[in-house]
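First up is the structure itself, then whatever we jot down about it.
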Protein chains: 2
Amino acid sequence: MQNNNNFIPNIKRSELFAGISEKDIQQMLVCFNAKKKKYCEGQVIFSGGEKIDQMGIVLSGRVYMESNDITGNKSIIRELAVGDILGDLYALSRNGRLIFDAVAHEDAELLFIDVDKVMTPCAKACTRHLTTMKNLLTELAGKACNLDRKLSHMSMRTTREKLMSYLREEANHQGTENVTLKFNRQELADYLCVDRSAMSKELQKMKKDGLIDFSGNKFKITG
Amino acid sequence: MQNNNNFIPNIKRSELFAGISEKDIQQMLVCFNAKKKKYCEGQVIFSGGEKIDQMGIVLSGRVYMESNDITGNKSIIRELAVGDILGDLYALSRNGRLIFDAVAHEDAELLFIDVDKVMTPCAKACTRHLTTMKNLLTELAGKACNLDRKLSHMSMRTTREKLMSYLREEANHQGTENVTLKFNRQELADYLCVDRSAMSKELQKMKKDGLIDFSGNKFKITG
DNA sequence: CACCCTCTGTTGCATTTGACACATACTGAT
DNA sequence: ATCAGTATGTGTCAAATGCAACAGAGGGTG
């Protein structure tokens with residue numbers, strides 16, 4: 001591991017180390033064989049089909065899990081921010097092969113950790129080991145719930161329903177009717193797996209029908 | 001827990017108890033406060049919005065996680081068979097609230113287990129406790145991967161692409177080009193979130209175009 | 001300012017899809 | 001055999017969607 005541990009405050013934001021002191025984290029990072037790596041915007045971090053045995057924690061920047069199919073359609077599967085964990089579900093599953101690409105959406109720094117080091121209690125009695133395993137379980141369960149939530153939007157039959165489903169959840173999550181999206185229009189369309197222009201049309205119709213109001217990426221549910 | 005433990009062979013098929021002897025399983029079931037329960041076909045096991053702190057292991061029958069929206073559209077999110085675990089990702093996540101309904105698709109028996117009992121090492125030193133935690137992590141990761149796989153089908157823009165994506169994965173999973181589906185047409189449509197009649201038409205077109213061949217629920221990818 | 005680039009909305013058109021109705025098996029029960 | 005019920009495929013039509021092309025609004029840079 002590198003000498004400069006100035007990323008420790010950021011790593012504390014990760015669910016993996018919840019309830020663990022900075023001092024203990026530093027010890028564990030050695031134990032977990034943690035390695036820091038930088039990525040430029042657009043750079044591929046993991047690519048679909050690849051077999052991995054490390055998971056990455058986002059220290060800075062944003063990362064997208066995305067699918068780029070043969071016909072040129074991009075789909076944003078999920079979006080990862082600082083503290084989020086990348087690739088854990090593949091590295092921890094039996095076959096370990098990625099389905100999607102992980103791409104740096106902005107310049108980003110990641111800290112990579114060997115998953116088997118997390119899964120296997122180490123010899124030097126890391127007392128916090130059990131805590132990280134429990135944290136990982138919670139994190140993984142949360143991620144799976146988010147996938148379920150995304151599926152609930154995707155299972156809607158029309159673009160309008162997909163948008164409402166997504167916006168309602170965002171409103172719920174952000175705790176206000178006035179929702180600020182992190183996506184631009186193209187990204188929102190890629191996230192909901194619909195055509196951008198068709199979505200743009202539908203958004204206008206929904207505004208006219210009094211369902212929503214919006215300006216830029218500030219949305220409000222009104223219906 | 002009931003006296004008749006004749007379901008132990010079935011429970012051994014669950015990933016949760018992988019690598020644990022029958023004798024140890026019996027002890028752990030007491031420790032986990034396991035309770036068996038029967039459900040009739042069509043009966044709701046968990047319903048959307050409900051908060052849960054138990055997970056269920058399918059001892060017999062089949063269970064669907066499904067979404068039933070206001071407009072009457074059903075979507076089959078996933079299908080659980082004997083040995084599969086139900087509700088774990090909700091029970092283990094922070095908020096613990098279900099998004100979908102879990103419904104018995106056939107008469108079914110489930111064994112319910114307290115998740116916090118699994119998460120907390122017990123006083124009477126269950127040596128196998130760590131194993132179940134690791135197993136649960138693997139199972140959860142595998143489930144999340146399946147959700148990702150499902151998302152990869154759903155993100156396809158056309159019914160034809162959704163079908164091909166799904167069939168290719170099934171072929172891959174079943175290890176043969178001759179795929180036997182567990183779904184009937186309506187269920188397949190509900191799984192891929194498309195209209196049944198439209199899908200039926202598309203299947204015929206795909207057959208005519210030489211992409212696939214099928215009869216009943218036996219499919220073959222030919223293109 | 002002129003230029004380039006990106007983002008968003010708009011339009012027209014061809015295709016796909018969903019909804020509904022109905023015909024045709026096939027199944028199981030009586 | 002008869003009947004009811006279910007599963008599957010077909011036909012028609014309206015609506016939704018994708019696609020391509022373009023216009024206008026910024027935003028940054030030389």
Side-chain angles (χ1 to χ4, degrees), chain A residues 41-42 64 67-76 105-106 153-167 180-209 211-219, chain B residues 41-42 64 67-76 105-107 153-167 179-209 211-219:
Chain A
E41 183 179 334
Y64 282 179
S67 148
N68 296 287
D69 72 10
I70 335 148
T71 60
N73 281 318
K74 174 187 287 192
S75 306
I76 299 174
H105 183 249
E106 302 166 354
H153 308 142
M154 303 279 299
S155 68
M156 297 290 141
R157 302 299 200 266
T158 64
T159 303
R160 173 174 296 212
E161 286 171 329
K162 283 178 190 157
L163 281 163
M164 285 307 285
S165 177
Y166 172 72
L167 289 172
T180 304
L181 302 187
K182 281 168 296 183
F183 292 136
N184 65 29
R185 294 291 187 278
Q186 183 63 61
E187 291 168 342
L188 181 56
D190 289 344
Y191 184 78
L192 297 177
C193 301
V194 295
D195 179 76
R196 183 194 59 80
S197 76
M199 187 188 75
S200 206
K201 260 182 286 189
E202 193 58 34
L203 280 172
Q204 301 302 324
K205 270 201 241 169
M206 289 164 75
K207 191 192 268 189
K208 196 159 44 174
D209 293 350
L211 277 175
I212 57 171
D213 199 11
F214 63 91
S215 161
N217 58 354
K218 308 267 182 199
F219 284 72
Chain B
E41 183 179 334
Y64 283 178
S67 147
N68 295 288
D69 71 11
I70 334 149
T71 59
N73 282 317
K74 173 187 288 191
S75 306
I76 297 175
H105 183 248
E106 302 166 355
D107 288 0
H153 309 141
M154 303 278 300
S155 68
M156 297 292 142
R157 301 301 200 265
T158 64
T159 303
R160 174 173 296 211
E161 287 171 327
K162 284 179 190 158
L163 282 163
M164 285 307 284
S165 177
Y166 172 72
L167 288 173
V179 179
T180 304
L181 302 188
K182 280 168 297 183
F183 290 137
N184 65 27
R185 294 290 187 278
Q186 183 63 59
E187 289 169 342
L188 181 57
D190 288 343
Y191 184 77
L192 297 176
C193 300
V194 295
D195 179 77
R196 183 195 60 79
S197 75
M199 186 189 76
S200 203
K201 267 179 282 191
E202 192 57 34
L203 280 171
Q204 301 302 323
K205 271 201 239 168
M206 290 165 74
K207 190 191 268 188
K208 196 159 46 173
D209 293 351
L211 279 175
I212 57 172
D213 198 11
F214 62 91
S215 161
N217 58 353
K218 309 266 183 202
F219 284 73

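Residue numbering restarts at 1 for every chain, and letters A, B, ... go by the order of the sequence lines.
If you take CD on E202(B) and CG on D209(B), they are separated by 8.0 Å, rounding to the nearest 0.5 Å. Between the OG1 atom of T159(B) and the CG atom of L203(B) there is a distance of 9.5 Å, given to the nearest 0.5 Å. Within the model, atoms CD of E187(A) and NE2 of H105(A) stand 4.0 Å from one another, a figure rounded to the nearest 0.5 Å. Between atom OG of residue S200(B) and atom CD of residue Q186(B) there is a gap of 10.5 Å, rounded to the nearest 0.5 Å. Atom OG of residue S75(B) and atom CG of residue N68(B) lie 8.0 Å apart, to the nearest 0.5 angstrom. To the nearest 0.5 Å, atoms CG (L188(A)) and CZ (F219(A)) are separated by 6.5 Å.
Between the side chain of K207(B) and the base of dG9(D), no donor-acceptor pair of N or O atoms lies under 3.5 Å. Checked by distance alone, K201(B) brings a side-chain donor or acceptor within 3.5 Å of a matching partner on the base of dT12(D). Counting atom types as modelled, R196(A) pairs a side-chain N or O with a base atom of dG9(C) as donor and acceptor under 3.5 Å.
Distances were taken from every side-chain heavy atom of Q204(B) (C-beta onward) to each of dG9(D), dA20(D), dG9(C); the shortest belongs to dG9(D). Each of dG9(D), dT17(D), dG18(D) was ranked by its minimum atom distance to the side chain of E202(A); first place goes to dT17(D). Checking dG18(D), dG9(D), dT8(C) against every side-chain atom of D195(A), the shortest atom distance belongs to dG18(D).
Put simply, T158(B) has no side-chain N or O that comes within less than 4.0 Å of OP1 or OP2 on dT16(C). Distances shown here put every side-chain N or O of R157(A) at or beyond 4.0 Å from the OP1 or OP2 atom of dT17(C). Checking the phosphate oxygens (OP1, OP2) of dG18(C), no side-chain nitrogen or oxygen of S197(B) falls inside 4.0 Å.
Rounded to an integer number of Å, the gap from N217(A) CG to dG9(C) P is 11 Å. Distance R160(B) CZ to dG18(D) P: 17 Å, rounded to the nearest Å. Here the C1' atom of nucleotide dA7(D) and the CG atom of L203(B) are 14 Å apart, to the nearest Å. Computed from coordinates, the M199(A) CE to dA20(D) C1' distance equals 17 Å when rounded to whole Å. The interatomic distance linking N184(A) (CG) with dC5(C) (P) rounds to 19 Å, in whole Å. As rounded to whole Å, 13 Å separates atom P of dG18(C) from atom CG of D69(B). Taking atom NZ of residue K208(B) and atom P of nucleotide dG9(D), one finds them 14 Å apart after rounding to whole Å. Between L188(A) atom CG and dT6(C) atom C1' there is a gap of 17 Å when expressed in whole angstrom units.
Nearest-nucleotide positions on DNA chain C place K205(B) closer to the 5' end than the other of N73(B) and K205(B).
Using cut-offs of 30° and 60° on the angle between ring planes, the pair Y166(B) and H153(B) is perpendicular. Between Y64(A) and F183(A), the ring planes lie perpendicular to each other; the angle is over 60°, past the 30° to 60° tilted range.
Each end of the helix from dC1(C)-dG30(D) to dT30(C)-dA1(D) gets its own axis from five base pairs, and the two axes differ in direction by 40°, given to 10 degrees.
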